[in-house]
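Computed from a predicted model, the values in this text were never measured in an experiment.
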Amino acid sequence: MVSVNVRDNNVEQALRALKKKMQREGIFREMKLRRYYEKPSEKKAREQSESIRRSRKMDRKRRERDGF
């Protein structure tokens, strides 16, 4: 559960903090994915491609950090 306290009746600042927390938690992304039904085979393919993308990104950062 995401919650934000409103201080000094500053609703705009509280909304910004809420949006940032929701972005960090991945709620917006999940809402977008759940907007339409995703077949189990499509979900599996998407998750595999995301995994490959994450691993390539980690490898790229590791190589950059090690100086290759």
Minimum heavy-atom distance V6-N10, with the two atoms named: CG1-N, 3.8 Å
Checking [X] now: which residues fulfil side chain to side chain contact (heavy atoms under 4.5 Å, CB included) with it, not counting sequence neighbours?
| X | result |
| --- | --- |
| K61 | K57 |
| A17 | V4 |
| K39 | Y37, S41, E42 |

Over 12 non-hydrogen atoms of neighbours within 6.0 angstrom of CD in E38: yes
Any residue meeting side chain to side chain donor-acceptor pair (under 3.5 Å) with R34, in chain and number order, not counting sequence neighbours: E30
Gap separating the CZ atom of R53 from the CE atom of M58, nearest 0.5 angstrom: 14.5 Å
Interatomic distance, M22 atom CE to L15 atom CG [nearest 0.5 angstrom]: 10.5 Å
Shared hydrophobic cluster, F28 / V2 (ILVMFWY, side-chain heavy atoms < 4.5 Å): yes
Residue pair L33 / R46, side-chain heavy-atom distance below 4.5 Å: yes
Residues in salt bridge (charged side-chain N to carboxylate O under 4.0 Å, His left out) contact with R62, at least two apart in sequence or another chain: D59
Pairs flagged by salt bridge (charged side-chain N to carboxylate O under 4.0 Å, His left out) wherever residues 1-29 is involved - sequence neighbours left out: R29-E50
